Amino acid sequence: MPSDTTNQTPYYVTTPIYYVNDRPHIGHCYTTLIADVAARAQRLVGRDVFFLTGTDEHAEKVSKTAAENAKTPYEWATINAERFRDAFRFMNFSNDDFVRTTEDRHKDKASAYIEQLLDQGDIELGDYEGWYDPSQEEYLTEIVAKENDYKSPVTGKPLEKRVEQNYFFRLDKYQDWLEQQITSGEISVLPEARKNEVLGRLKQGLMKVPVSRRIKEGDADWGIRMPGDDAHRIYVWIEALCNYLTIVDTDERKKYWDGEVVHLMAKDIIWFHAIIWPAMLHALGKEPPRTVYAHAYWIAEGTKMSKSLGNFIEIDLLRAYAEKYSLDAVRWFLTTQGPLGANDADFAHSRFIEVYNADLANSVGNSMSRVGNMVHKYYNGIIPGTCNGEFGFPNGSSLQTALKALENAGKAVDDPTRTFRFAEFTSNATDNALRALETVDLESMLDSGRSIVRHVDEFISYCAPFTLAKQLDALDDGDHALTSILYSCAEALRIASLLLSPAMPEKMAELWRNWSCSHLADPNNANSGFVAPLAELARWGGEYSIKKGQQIAKGDALFMRADASEPAPEPAPEPERIG
Ligand code: MSP
């Protein structure tokens, strides 16, 4: 079932909540970035959006690292939760809330859900023996443990055989229901490769899953107690999953759970999100998520990132890149070159420079400043007239004139029958962007914006307004031709800027300031930040279009060209006040 990008169904997008044993790195920033881009895009479409991220604090590894750092678990969690908050503010994420699982608003409701499952008999006490991955805090099935040579599939550390008396969630009861939901697409597991993997594993059969940990002597007092049994703590994973519901389980926010729920994460934790969590929700009598989207991994300069190699791309390095090339360039690179699909993606400096120059300095930025400069030079920075965007070269009389002028200047075009129907082109690009958004295909969504920029570039090369400008006096309606051309370029770029804005909100707002388009943004509209939905904003020549007489300031280039021979930025130190 496609996502609803035409009407007002609320949209609820989440990221995993991150462990606070350590600092944020590119992986955490990436998932939260794509959630941000999706949230901003959906707000632009006109939907009521809620975007949640946060931190997962009750893990054993949090209390362990806290002890190593001579802090209480809560102190350590707070230090790192602040680091995540800081990193996310720096990345300009527009999350509507930030949950910490140590907050009462989460703990109380999570506990209540578990109690309900206990009362219903969906959770029961029993013995459990299994392969435990201490680094990931999860049990693995015999098959998965064997496949990985009894080592953690994520960290490669040895698995431990553990036997414990535990509470179990009767996941096995939901096998048929889950198969039906995922196969039919009621729960849309994306990308397709991940859906097949999940269904394959589902076919091996489901077991009961442990949902508690027996408290041992010497354990830190950390985590939520099992309702009615103080000897156990709720297993951190089960409690953490509940965050998606606890935070919107209020009168004002419940509309988001009733709307379209989209969980984003990496492939490492898809099983929890596509299988265990939907089954828990079903048992609780709640709707499952609409989409479970699991992207692949970032690797660094061709190598998998790991603690032992010490090659994690930390937030400090992203700060250094942002300092040098702008934050929106970093957001652009990560969103368009990231592991959104099934394949891993490499963060390599040379690639960053290549993409920065090709997409931003030489394309988006260059096109926008070229058009601004021409309006400035030929019309003192005032848009001289409009153009309905329906013309093609053979028919539009003013463009016939342009062709004649180019011929006079000895620069006749190769193909005089070529058409540039901007109104249609921009409207198709907007439709494509909306369609891509339905499957969280943010790369295609942004490429729709870029396709308009490419079209404008081709148009400028084709009808050479700078040549035409020199021929104006010799032509009857030459002025009209130049007006039509420049208007078309500016209006097309305005529409492109809307489609690019979810990834580059600051740079596009800068363009709007330079081009007197700030009326598109509405600071009083707390949800979207826009005055109207995309369909209206992006209408060629419509209410929000560029108008005759509008001022277009020259402005600085949005993206300066980068020199590939310069050394890669070095990580800047973290701000002092932390730690
Ligand atoms: N706390 C759990 C999640 C609970 S959600 C109810 C957890 N936390 S984590 O800190 O380990 O974060 C894992 C997530 O971070 C991944 O699913 C992904 O979103 C992100 N990434 C971590 N490393 C990554 C890469 N190398 N590349 C891309 N994203 C990765 O698991």
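Every heavy atom of this structure was used, including side-chain atoms; hydrogens, water molecules and symmetry mates were not. One-based numbering, in listed order, for ligands and for the atoms of each. All values reported here derive from a predicted model rather than from experimental measurement.
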request  = Report the member of Asp268, Asn21, Val62, Val99 with the shortest heavy-atom distance to atom 17 (O) of ligand 1.
outcome  =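 It is Asp268 that holds the nearest heavy atom.
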inquiry  = My understanding is that we take every heavy atom of each candidate and find the minimum distance to atom 24 (C) of ligand 1. Doing that for Pro16, Cys242, Gly27, which one comes out nearest?
reply    =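 Answer by nearest heavy atom: Gly27.
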query = Will you find, in the side chains of Thr141 and Arg201, an N or O donor that is under 3.5 Å from an N or O acceptor?
reply = no
message = Pairing donors with acceptors under 3.5 angstrom, does anything connect the side chains of Ser184 and Glu186?
response = no
Residue and atom name of the nearest protein heavy atom (relative to [atom]), distance in Å to one decimal:
atom: atom 25 (C) of ligand 1; answer: Tyr297 CD2, 3.4 Å
atom: atom 23 (N) of ligand 1; answer: His25 CE1, 3.4 Å
atom: atom 9 (S) of ligand 1; answer: Tyr19 CD1, 3.8 Å
atom: atom 19 (O) of ligand 1; answer: Thr31 OG1, 2.6 Å
atom: atom 27 (N) of ligand 1; answer: Trp298 N, 2.9 Å
atom: atom 2 (C) of ligand 1; answer: Ile17 O, 3.5 Å

query = Would you call the rings of Phe272 and Trp237 parallel, tilted or perpendicular, where under 30° means parallel and over 60° means perpendicular?
reply = parallel
message = Parallel, tilted or perpendicular, judged at 30° and 60°: which one describes the rings of Trp277 and His263?
response =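 Ring orientation of Trp277 relative to His263: tilted.
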inquiry  = Check contact between Trp237 and ligand 1, using heavy atoms of the residue and a distance below 4.0 angstrom.
reply    = yes
ask   = Are His295 and ligand 1 in contact, using a heavy-atom cut-off of under 4.0 Å?
value =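 True for this residue.
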Any side-chain heavy-atom pair from [X] and [Y] closer than 4.5 angstrom?
X: Glu239; Y: His106; value: yes
X: Ile234; Y: Tyr113; value: no
X: Phe169; Y: Tyr174; value: yes

request  = Please say whether Met305 places an N or O atom under 3.5 Å from an N or O atom belonging to ligand 1.
outcome  = no
query = Can an N or O of Asp56 be found at a distance shorter than 3.5 Å from an N or O of ligand 1?
reply = yes
Measure [X] to ligand 1 on non-hydrogen atoms and call it side chain, backbone, both or neither using the 4.0 Å cut-off.
X: Leu264; value: neither
X: Ala296; value: backbone
X: Phe272; value: neither

ask   = With ring centroids as reference points, do Phe333 and Tyr321 lie under 6.0 angstrom apart?
value = no
task = Using a cut-off of 6.0 Å, state whether more than 12 heavy atoms not belonging to Glu323 lie near its atom CD.
result = no
